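Working notes, beginning with the structure itself.
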Amino acid sequence: MASNEFQPLQGMSDIQAPEVYLWRMMEERARAVFASYGYEEVRTPVLERLSVFQRSLGDTTDVVKKEMYSFTPSKHALAMRPEGTAGTIRHLAGRGEEGLGARVFYIAPMFRYERPQAGRKRQFHQVGVEATGEPNPLADAECIALQKNLLDAWGLAGARIQVSTRGEPSDRKPVAEGLRQALQPHVAALCEDCRRRIEENVLRVIDCKNEGCARVVDRIPSPLEFMGPAARDYLERVMQALSAMGIDVVVNPKLIRGLDYYVHTVWEISHAALGAQDALAGGGRYEIALGRKAVPGVGFAIGFERAIMALNACGIDGAQFAPPGGIWLVSLGEAALVENMKLARDLRARGIRCGMELDAKSMKAQMRKADRAGAEMVVIRGDEEIAKGTAVVKNMADGTQVELALENVLRDAQAG
RNA sequence: GUGAUUGUAGCUCAGUGGUUAGAGCGCCUGGUUGUGGCCCAGGAGGUCGGGGGUUCAAGUCCCCUCAUUCACCCCA
């Protein structure tokens, strides 16, 4: 069983029924919700030039530095996408004028070379949207509303939305400097990692899980206090719009998002049932420079694997979305086998799900198979029925059966 | 990259260094000349993750390796 050749690669998995029914439900409902907001689907390649990710995510981020599947087959270094925004913006930027003011969504696999753990795969799947255009707090609020809408459509309860801001690009230096100064007197109380982070990435100190660090962070000003009035005003207007729409969010100044492209609003959606990796979705406003153009936009991504863990915790699983069982044909004898092939063809041509055993098996075995397949109805034919042009139709739920003329079988099956 | 954890039948798991490695569920066949689920009987199915070592003897002990799961780092 555990022989390697039958196992998918580390951190990757085969998704089969019944779980795949849940995936399908999520994809279908996502498309419906996006359609209602006027978003169009975009399918960009899995492979991009490495530089697309270096420039948008930032080439000092961990994702770019050590988590990408990258290689250089010929002239350019390539990478499999670790997230969806960079490629989507690469695409929109190439559309020039019409790429601004675009609203698109994607449902696609992403790849990161990390050690797998709960809710973290090397190939994982995200549904995400991007709305480009000049910064507008209402656009950010609408984006969060859309995301919440989608989670509701899936039936997910208990999700918690936290919002913060990264401020304007010009706020970054003052925030970093301000935090460094504020932390300076408390260096001794910080964990080893955080002492390093003060220089490399101060913001990361803010969301350190270490208790000692958290106590220090509680005593120093939040990043927001080092930002200019424009940043705080922007956040205020996002919050007002959300509250007007009745969407429950909390501001958490300690919320930090790692990717470089974020400006202003950032948010994260977490769920208590998830464990250590409790964020199932994230989003934010960004500014991505590719070539000479800087594309402004706002977007979100939801991780399928993590959303599924949360849905399971809500008692929602794939079995609930299994397709109807349809009809099972039982054949007694060679002649019936061939006749049923023809009947199956006719039923399937009418869009009816229909199965049958192709090997000559006992009736008991065929009935058992029909039961396992979840068939709602069984059509039984032997030499007698074929001679008469009839079939015995059995209702599997209540066990009743009637003999019908063949054309009536087809008519009834189609009716319902 | 770091630290733990687990690996025995399709699945969930038993198995004090000592015969032909077991159970439950699932699967197949029969009990019913043409009737599923429940019940009964029988059956198939195992490189004990892989490789090396210790031993008269290894699923069991040691080393290496691969994989699982969880956590760190980081992220959805």
Side-chain angles (χ1 to χ4, degrees), chain A residues 1-13 57 60-68 81-85 108-128 147 191-194 196-197 200-201 204 207-210 256-259 267-271 274-284 299-310 325 328 330-333 336 359 361-385 391-401 403:
Chain A
M1 56 137 286
S3 69
N4 294 342
E5 56 261 59
F6 301 126
Q7 243 175 1
L9 291 172
Q10 187 173 39
M12 311 202 171
S13 44
L57 311 192
T60 60
T61 55
D62 277 25
V63 172
V64 169
K65 266 196 308 191
K66 48 182 218 194
E67 294 173 4
M68 284 211 290
R81 60 175 171 228
E83 55 87 78
T85 302
M110 308 292 165
F111 303 84
R112 287 185 201 176
Y113 189 79
E114 302 178 89
R115 290 287 289 273
Q117 74 186 69
R120 189 163 76 191
K121 294 278 186 185
R122 286 182 170 180
Q123 175 176 336
F124 60 105
H125 301 78
Q126 289 187 335
V127 49
Q147 194 174 18
C191 71
E192 209 178 307
D193 285 330
C194 282
R196 175 176 49 79
R197 287 180 182 128
E200 288 173 13
N201 196 351
R204 281 284 161 220
D207 70 345
C208 181
K209 286 172 194 159
N210 181 289
I256 302 301
R257 312 220 75 224
L259 276 16
W267 66 89
E268 210 166 86
I269 302 182
S270 55
H271 198 278
L274 254 43
Q277 255 61 49
D278 68 345
L280 65 93
F300 70 70
I302 304 175
F304 264 77
E305 285 80 359
R306 290 188 190 177
I308 285 170
M309 286 170 74
W328 194 267
V330 168
S331 328
L332 301 163
D359 296 321
K361 289 250 176 119
S362 74
M363 181 161 189
K364 186 191 181 88
Q366 293 186 65
M367 287 301 294
R368 198 161 40 222
K369 204 143 186 175
D371 190 45
R372 306 268 155 82
E376 286 147 6
M377 205 132 269
V378 166
V379 174
I380 303 161
R381 298 169 84 199
D383 293 339
E384 250 179 74
E385 286 80 8
V392 171
V393 175
K394 175 164 182 169
N395 178 320
M396 289 297 271
D398 59 24
T400 58
Q401 58 183 50
E403 186 165 349

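Everything quoted here is computed from the prediction, not taken from an experiment. The figures here come from the full heavy-atom set of this structure, side chains too, leaving out hydrogens, waters and symmetry mates. Chain naming here is simple, since letters A, B, ... match the order of the sequence lines and numbering starts at 1 in each.
For A/Lys364, the side chain to side chain contact (heavy atoms under 4.5 Å, CB included) partners are A/Ser362, A/Arg368, not counting sequence neighbours. Residues satisfying the side chain to side chain donor-acceptor pair (under 3.5 Å) test with A/Asp398, not counting sequence neighbours, are A/Thr400. Here A/Gln126 pairs with nothing under the side chain to side chain donor-acceptor pair (under 3.5 Å) rule; sequence neighbours left out. Looking at residues two or more places apart in sequence or on another chain, you find a salt bridge (Lys or Arg N to Asp or Glu O under 4.0 Å) between A/Lys369 and A/Glu357.
We find that CZ of A/Phe111 is positioned 17 Å from P of B/A76, with the value rounded to whole Å. Per the geometry, CG belonging to A/Asp278 stands 15 Å off C1' belonging to B/C72, to the nearest Å. Atom C1' of nucleotide B/A76 and atom CE of A/Met110 are separated by 10 Å, given to the nearest angstrom. In this structure, A/Arg115 atom CZ and B/U2 atom P are separated by 7 Å, rounded to whole Å. Put simply, CD1 on A/Ile269 is 12 Å from P on B/A76, counting in whole angstrom units. If you take CG of A/Leu9 and P of B/A67, they are 9 Å apart, rounded to a whole angstrom. B/C74 atom C1' lies 13 Å from atom CG of A/Leu57, rounded to whole Å. Between the P atom of B/C73 and the CD1 atom of A/Ile256 lies a distance of 14 Å, rounded to the nearest Å.
Distance check on atom C1': B/U47 versus B/A9 gives 13 Å, rounded to whole Å. Distance noted for atom P between B/C48 and B/G52: 13 Å (whole Å). When the P atom is compared between B/G53 and B/A58, the two are found 12 Å apart, to the nearest whole Å. Between B/C11 and B/C27, the two C1' atoms lie 11 Å apart (nearest whole Å). Between B/G37 and B/C28, the distance separating the two P atoms is 11 Å to the nearest Å. For B/G22 and B/G30, the P atoms lie 27 Å apart once the distance is rounded to whole Å. Here, B/U5 and B/A67 have their C1' atoms 13 Å apart, quoted to the whole Å. With P as the reference atom, B/G42 and B/G49 are 30 Å apart, rounded to whole Å.
The existence of a salt bridge linking A/Arg122 and A/Glu114 is excluded, since no basic side-chain nitrogen approaches an acidic carboxylate oxygen closer than 4.0 Å.
Atom-to-atom distance recorded for A/Leu57:CG and A/Asp62:CG is 11.5 Å, nearest 0.5 angstrom.
If you check B/A76, B/U68, B/G3 against the side chain of A/Gln10, the one that comes closest is B/U68.
Using a 4.0 Å heavy-atom criterion, one finds that A/Glu114 contacts the bases of the nucleic acid, with or without backbone contacts as well. Counting non-hydrogen atoms under 4.0 angstrom, A/Gly11 reaches the backbone sugars and phosphates but no base. Here A/Ala281 lies in heavy-atom contact (under 4.0 Å) with sugar-phosphate atoms only.
Here the side chain of A/Glu305 pairs a donor or acceptor atom with the backbone of A/His125 at under 3.5 angstrom. For the pair A/Arg120 (side chain) and A/Arg115 (backbone), a donor-acceptor distance under 3.5 Å is present.
Heavy atoms only, all atoms of each residue included: A/Arg257 and A/Gly283 are closest at NH1-N, 3.4 Å.
By the 6.0 Å and 45° rule, A/Arg81 does not stack over the aromatic ring of A/Phe111.
At the phosphate of B/C72, OP1 or OP2 sits under 4.0 Å from a side-chain N or O atom of A/Lys209. Taking 4.0 angstrom as the limit, A/Gln117 places a side-chain polar atom (N or O) nearer than this to OP1 or OP2 of B/A71. For the OP1/OP2 pair of B/C74 and a distance below 4.0 Å, the side-chain nitrogens and oxygens of A/Arg197 include at least one atom meeting the criterion. Within the structure, a side-chain polar atom (N or O) of A/Arg257 is placed less than 4.0 Å from OP1 or OP2 of B/A76.
A donor and an acceptor atom, one from each side chain of A/Gln366 and A/Trp328, are nowhere located under 3.5 Å apart.
Residue-to-nucleotide contacts include a donor-acceptor pair under 3.5 Å from the side chain of A/Arg120 to the base of B/C74.
When each of A/Asp193 and A/Ala118 is assigned the nucleotide of RNA chain B bearing its nearest heavy atom, the one mapping closer to the 5' terminus is A/Ala118.
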Item to check | Annotated protein contacts, base or backbone, on nucleotides 29-41 of chain B with a non-hydrogen cut-off under 4.0 Å, one of B, S, - each | outcome: SSB--BBBB----

Item to check | Dot-bracket notation for RNA chain B, counting Watson-Crick and G-U pairs under 3.5 Å, with | for partners on another strand | outcome: ((((.((..((((....[...)))).(((((.......))))).....(((((..]....))))))).))))....

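B/A76 has its base stacked against the ring of A/Phe124, the centroids being under 5.5 angstrom apart at an interplanar angle below 30°.
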